[in-house]
**Q** 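I'd like to ask some things about the structure below.
Scope of the values below: all heavy atoms of this structure, side chains included, with no hydrogens, waters or symmetry mates. Per chain, numbering begins at 1; letters A, B, ... match sequence-line order.
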Amino acid sequence: MAEPLLPLSFYRRDANSVARELIGCFLDHEGVGGYIVETEAYRRDDPACHAYNGRTVRNEVMFGPPGRAYVYFTYGMHHLFNVVCEGEGEPAAVLVRALEPVTGIDVMRRRRAPVSDLHQLANGPAKLVEALGIGPELNGVPVYRGRLKIRGRTADCQKTRIVATPRIGIRVGTRRRWRYCAAESRFLSRKVGSKGASR
DNA sequence: CCTGCGATTTGCT
DNA sequence: GCAAATCGCAGGC
């Protein structure tokens, strides 16, 4: 039943392909995880990308080899989880924004207390990081092997309809539709708007 | 339904 | 000094 881990080669491609194809894949951290239902792509020539203005201590993992976690701190209190894409030296990443919880739901509820609604345990980039117990110590670790891992889509998920919309929470690069969602999912961070969605 | 704000820290201008 | 790849709560319609 468990699909194989996505290989390193899966991530060594353009971030938009990776972001789209990560929908329906299974993200797991030490037995706690679920299906990825929402992602966003970020690339070097993109003003919303952390690497747009070059390499810094914070974003250096984005410049490294693909298939690794890029975990960063923001808003003074949240960590967000990305997977590095493309080739070494070509900064790009996919932000994982929402999960449909499947395993370790009791653990997620404990970490996310007082929230208990299944639909609100991991429907946001900071929420899923908290639910899965992801911390800054995982910045730079590979996701194609190890404790933090991503499995491929099951046959059932292959037919999931995917829509692209503008990204959330940014003030530049908003014309790009680089947010990818499982169209019918009830576990998204925000509903897919009637405007701006495509494919 | 929607909008606004506080929390709390980092990093860049 | 202030915006930030956010969240949860309060308040208004």
**Q** Quick one: pull up CZ in A:Arg179 and CG in A:Leu188 and give me the separation to the nearest 0.5 Å.
**A** 6.0 Å

**Q** Check for me whether A:Arg12 meets the cation-pi criterion with A:Phe10, that is, NZ or CZ under 6.0 Å from the six-membered ring centre and within 45 degrees of the ring axis.
**A**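 No - A:Arg12 does not lie over the ring of A:Phe10 by the 6.0 Å and 45° rule.
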
**Q** When you match A:Gly124 and A:Arg171 each to their closest nucleotide on DNA chain C, which lands nearer the 5' end?
**A** A:Arg171

**Q** Which part of the nucleic acid, if any, lies within reach of A:Ile170 when heavy atoms closer than 4.0 Å are counted: base, sugar-phosphate only, or nothing?
**A** sugar-phosphate

**Q** Which residues pass the ring pair (Phe, Tyr, Trp, His ring centres under 6.0 Å) test with A:Phe81, sequence neighbours left out?
**A**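 Once residues adjacent in sequence are excluded, A:Phe81 has no partner under the ring pair (Phe, Tyr, Trp, His ring centres under 6.0 Å) criterion.
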
**Q** Just checking, any donor-acceptor pair under 3.5 angstrom between side chains of A:Ser189 and A:Glu38?
**A** yes

**Q** Name every residue in residues 101-120 of chain A that has at least one heavy atom under 4.0 Å from any atom of DNA chain B, in order of residue number, or write none if there are no such residues.
**A** none

**Q** Could you check whether A:Arg44 pairs with A:Glu86 (Lys NZ or Arg NE/NH1/NH2 to Asp/Glu carboxylate O, under 4.0 Å)?
**A** no

**Q** Give the first and the last nucleotide of DNA chain C, reading 5' to 3', that has any atom under 4.0 Å from a heavy atom of chain A.
**A**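 Listed 5' to 3', the contact boundaries are C:dA4 to C:dG8.
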
**Q** Is the shortest side-chain heavy-atom distance between A:Asn16 and A:Trp178 below 4.5 Å?
**A**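 A:Asn16 reaches A:Trp178 side chain to side chain.
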
**Q** Does either side chain, that of A:Thr165 or that of A:Arg177, offer a donor lying less than 3.5 Å from an acceptor on the other one?
**A** no

**Q** Looking for any heavy atom pair under 4.0 Å, which part of the strands does A:Ser189 touch: base, sugar-phosphate only, or nothing?
**A**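 No contact at all - A:Ser189 keeps every heavy atom at 4.0 Å or more from the nucleic acid.
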
**Q** In residues 68-87 of chain A, which residues come under 4.0 Å of DNA chain C by heavy atom?
**A** A:Tyr72, A:Tyr75, A:His78, A:Leu80, A:Asn82

**Q** Can you name the closest pair of heavy atoms from A:Gly173 and A:Pro47 and give their distance?
**A** N-CG, 4.0 Å

**Q** Just to verify, what does A:Tyr72 make a ring pair (Phe, Tyr, Trp, His ring centres under 6.0 Å) with, not counting sequence neighbours?
**A** A:His50, A:Tyr70

**Q** If the condition is ring pair (Phe, Tyr, Trp, His ring centres under 6.0 Å), which residues does A:His78 pass it with, not counting sequence neighbours?
**A**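 A:His78 satisfies ring pair (Phe, Tyr, Trp, His ring centres under 6.0 Å) with no residue once adjacent residues are dropped.
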
**Q** Could you check if a side-chain atom of A:Leu22 sits within less than 4.5 angstrom of a side-chain atom of A:Val94, using non-hydrogen atoms only?
**A**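 Yes; the side chains approach each other to less than 4.5 Å.
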
**Q** In whole angstrom, give me the gap between the P atoms of B:dC5 and C:dC2.
**A**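 Those two atoms are separated by 15 Å.
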
**Q** Excluding sequence neighbours, so at least two apart, what forms salt bridge (Lys or Arg N to Asp or Glu O under 4.0 Å) with A:Asp46?
**A**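 Only A:Arg167, A:Arg176 meet the salt bridge (Lys or Arg N to Asp or Glu O under 4.0 Å) criterion with A:Asp46.
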
**Q** Under the rule for salt bridge (Lys or Arg N to Asp or Glu O under 4.0 Å), what residues qualify as partners of A:Glu100, not counting sequence neighbours?
**A**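 For A:Glu100 there are no salt bridge (Lys or Arg N to Asp or Glu O under 4.0 Å) partners, ignoring immediate neighbours.
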
**Q** Please state the C1' separation for the pair B:dC2 and C:dA5 - nearest whole angstrom.
**A**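 Their C1' atoms lie roughly 23 Å apart.
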
**Q** Just jot down the salt bridge (Lys or Arg N to Asp or Glu O under 4.0 Å) partners of A:Glu60, sequence neighbours excluded, or say none.
**A**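 Here no residue qualifies.
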
**Q** Do A:Tyr35 and A:Arg153 come close enough that some side-chain heavy atom pair is under 4.5 Å?
**A**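 Not touching, per the 4.5 Å side-chain cut-off.
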
**Q** Going 5' to 3' along DNA chain B, which nucleotides are the first and last within contact of chain A (any atom under 4.0 Å from a heavy atom)?
**A**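 Listing 5' to 3', DNA chain B meets chain A from B:dA7 to B:dC12.
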
**Q** Excluding sequence neighbours, so at least two apart, what forms ring pair (Phe, Tyr, Trp, His ring centres under 6.0 Å) with A:Phe73?
**A** A:His79

**Q** Let me check I have this right: for DNA chain B, each base becomes ., (, ), [, ] or |, based on Watson-Crick or G-U pairs with both distances under 3.5 Å. What is the full string?
**A** |||||||.||||.

**Q** What's A:Ala126 touching, base or sugar-phosphate or nothing? Going by heavy atoms closer than 4.0 Å.
**A** sugar-phosphate

